[in-house]
Amino acid sequence: MTTAKIRLFQPNGYQETIKKGLSAIHSFNSGMSLGKDDDTEQLDRLKEEIKTADAIVIGAGAGLSTSAGFTYSGDRFKKWFSDFEGKYGFQDMYSGGFYPYKTKEEFWAYWSRYIYINRYLDAPKDTYTKLYNLVKDKDYFVITTNVDHCFQKAGFDKKRLFYTQGDYGLFQSLNPAIRKNFDNEDWVMNAMKSQGFVKDGNGIFAIPSGGVVRMEIDSSLIPKCPIDGSDVTMNLRSDDTFLEDGGWHRASAAYSDFLRRHENLHVLFLELGVGSNTPVIIKYPFWQMTMENEKATYACLNYKEAYCPREIEDRSVCINCDIDELLDNHRWRDYWKL
């Protein structure tokens, strides 16, 4: 039986969660709430929920990685891309990723740096490790729109992770007939060397003492599909060409199965750093599933963006915070010992 036929029998958690998110748009019309009680009382409720929940579904967005130090502008951008900023004028990594470079050598030089620092370097802070220590002994599952691999680096079980939007560590062929992604770590390391970056005593690439690196890679390093030699692109969801390979479908099915097995139990839907760019993937479905399960609780931790629908206000925890500071603040150092 072919892979395509086998896949027909797998549940698609991604499509299911999108449907829940779309349903939520029509389910909540009483306005939004910032939650009840003050932060201390909310934290007490959150701790109790983590401790007593039958299952925890973590939904993570870009705000979680930002809290961990993966910022895309400011000093971190200037450290790695000041030459690109000087030549083209953009001031953040996202803008540089969409810039229409004239040559593939320059395009892939930019992207090799981008991938290296956001996928193969550790986050500056141990936010993900602290989160893992909170839930490692619980029955958990993670759905995330992040593509930086931080969950696996922190020790989260790969079988309990669903990266919905791809992975900085993967290439896909521009030939749609090639239904397989390819690891890019070796290519990234060679591309960094090609630009003149050198490894320091800790094995981390750095700008050489002269302070100058090339803004292009060798032509021989332009990445190609190892199967048919076609051009490749990043495995990141930006349009309908995004490749949902076998691993993606297995993770999608595992997410669906986890939700189904816990749908009538005491579930904590823990939303971390999810903004308003793609609310239909995590935020809205979490609202909908909380409303449908009277035993469920929704928790939203976000910097200046923590809120919930009034319909589930009594079963919600909303804390406006920097997530890393919340997990690490001296006031709470012993607090999280569940």
Side-chain angles (χ1 to χ4, degrees), residues 62 65 68 70 72 76-77 79-81 84 93-101 103-123 128 144-154 156 158 161-200 202-207 213-251:
S65 286
F70 269 170
Y72 284 66
R76 191 164 176 264
F77 169 75
K79 176 181 178 180
W80 292 96
F81 299 100
F84 281 89
M93 294 182 211
Y94 284 121
S95 299
F98 290 100
Y99 192 87
Y101 301 102
T103 69
K104 291 182 179 180
E105 288 82 358
E106 195 169 29
F107 173 87
W108 285 114
Y110 182 88
W111 270 99
S112 66
R113 299 186 200 182
Y114 192 117
I115 301 165
Y116 178 70
I117 67 172
N118 295 310
R119 174 62 169 76
Y120 294 112
L121 291 186
D122 291 336
Y128 280 84
T144 181
T145 54
N146 295 343
V147 294
D148 49 29
H149 211 64
C150 285
F151 280 103
Q152 280 180 252
K153 288 181 180 180
F156 284 82
K158 182 179 180 180
L161 297 175
F162 181 23
Y163 290 92
T164 64
Q165 308 301 79
D167 186 333
Y168 282 145
L170 297 176
F171 285 149
Q172 68 178 64
S173 174
L174 288 179
N175 178 357
I178 305 296
R179 308 299 299 172
K180 182 180 179 181
N181 288 315
F182 308 97
D183 292 337
N184 62 25
E185 183 173 6
D186 288 344
W187 174 84
V188 169
M189 301 308 163
N190 288 327
M192 293 293 288
K193 291 178 184 177
S194 177
Q195 293 168 76
F197 290 96
V198 295
K199 287 189 175 181
D200 61 19
N202 296 315
I204 305 299
F205 277 114
I207 297 174
V213 291
R214 300 169 61 207
M215 293 175 60
E216 60 182 14
I217 62 172
D218 295 337
S219 298
S220 61
L221 285 176
I222 294 173
K224 299 290 182 178
C225 172
I227 294 177
D228 69 347
S230 59
D231 287 337
V232 300
T233 187
M234 296 298 298
N235 181 234
L236 304 174
R237 190 187 298 276
S238 59
D239 54 34
D240 59 4
T241 64
F242 173 69
L243 176 59
E244 299 171 356
D245 68 358
W248 186 97
H249 279 280
R250 287 190 292 273

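When a residue number appears, it is its place in the shown sequence, counting from 1.
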Side chain to side chain donor-acceptor pair (under 3.5 Å) for T145 and Q165? Distances and angles first, verdict last. CA-CA 5 Å; T145 54; Q165 308 301 79; over 6 Å; no
Hey, mind stepping through I117 and K79 against side chain to side chain contact (heavy atoms under 4.5 Å, CB included) and telling me if it holds? CA-CA 11 Å; I117 67 172; K79 176 181 178 180; over 6 Å; no
Derivation of the ring pair (Phe, Tyr, Trp, His ring centres under 6.0 Å) call for W248 and F162: CA-CA 7 Å; W248 186 97; F162 181 23; 5.3 Å; yes
Set out, in order, the CA-CA distance, both residues' side-chain angles and the distance that settles side chain to side chain contact (heavy atoms under 4.5 Å, CB included) for Y163 and T144, then state yes or no. CA-CA 5 Å; Y163 290 92; T144 181; 3.6 Å; yes
Should Y94 and F77 be marked as a side chain to side chain contact (heavy atoms under 4.5 Å, CB included) after you check the CA-CA gap, both sets of side-chain angles, and the distance that decides it? CA-CA 10 Å; Y94 284 121; F77 169 75; over 6 Å; no
Going through the distances and angles, do R237 and E244 end up as a salt bridge (charged side-chain N to carboxylate O under 4.0 Å, His left out)? CA-CA 9 Å; R237 190 187 298 276; E244 299 171 356; 3.2 Å; yes
For Q195 and S112, what are the C-alpha separation, side-chain angles and deciding distance, and is it a side chain to side chain donor-acceptor pair (under 3.5 Å)? CA-CA 10 Å; Q195 293 168 76; S112 66; 2.7 Å; yes
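In this structure, R179 and L243 have side chains that are in contact, with non-hydrogen atoms separated by less than 4.5 Å. Here the side chains of I207 and F197 are in contact, with some heavy-atom distance below 4.5 Å. Looking at C150 and F156, their side chains never come closer than 4.5 Å, going by heavy atoms from C-beta outward. D228 is listed as a side-chain neighbour of S173, based on a closest heavy-atom distance under 4.5 Å.
Shortest non-hydrogen contact noted between S194 and L221 is CB-CD1, 3.5 Å. The nearest pair of heavy atoms linking E216 to A109 is CA-CB, 3.5 Å. For V232 against C225, the heavy-atom pair with the smallest separation is CG1-N, 3.4 Å. Nearest heavy atoms, L121 versus F70: O-CZ, 3.5 Å.
Relative orientation of the F81 and Y110 rings is tilted, given thresholds of 30° and 60° on the angle between their planes.
Surrounding NZ of K153 are more than 12 heavy atoms belonging to other residues, nucleotides or ligands, all under 6.0 Å away.
A donor-acceptor contact under 3.5 angstrom links the side chains of N181 and D245, judged on distance only. Inspection of the Y128 and N146 side chains reveals an N or O donor paired with an N or O acceptor under 3.5 Å. The closest side-chain donor-acceptor pair between Y120 and N184 falls under 3.5 angstrom.
Going from atom CD1 of I115 over to atom CG of L170 covers 10.0 Å, rounded to the nearest 0.5 Å. Distance check, rounded to the nearest 0.5 Å: NZ of K158 to CZ of F151 gives 15.5 Å. Atoms CZ and NZ, on F182 and K180 in that order, are 6.0 Å from each other to the nearest 0.5 Å. Between atom OG of residue S230 and atom CD of residue Q172 there is a gap of 10.5 Å, rounded to the nearest 0.5 Å. Considering CG of D148 and CZ of R119, their distance stands at 9.0 Å, rounded to 0.5 Å. Taking CD1 of I217 as the reference point, atom CE of M192 lies at 12.0 Å (rounded to 0.5 Å).
No donor-acceptor distance shorter than 3.5 angstrom exists from the side chain of D218 to the backbone of S220, with no hydrogens or angles considered. Panel note: side chain N235, backbone F242; no donor-acceptor pair is recorded below 3.5 Å. In terms of modelled atom types and a separation under 3.5 Å, the side chain of N175 and the main chain of A177 share a donor-acceptor contact.
For W80 and Y114, the ring centers are positioned 6.0 Å apart or more. In summary, the aromatic rings of F171 and W187 are positioned with their centroids under 6.0 Å apart.
Under the side-chain hydrogen bond (donor to acceptor under 3.5 Å, both in side chains) test applied with N118, the options R76, H149, R113 reduce to a single match, R76.
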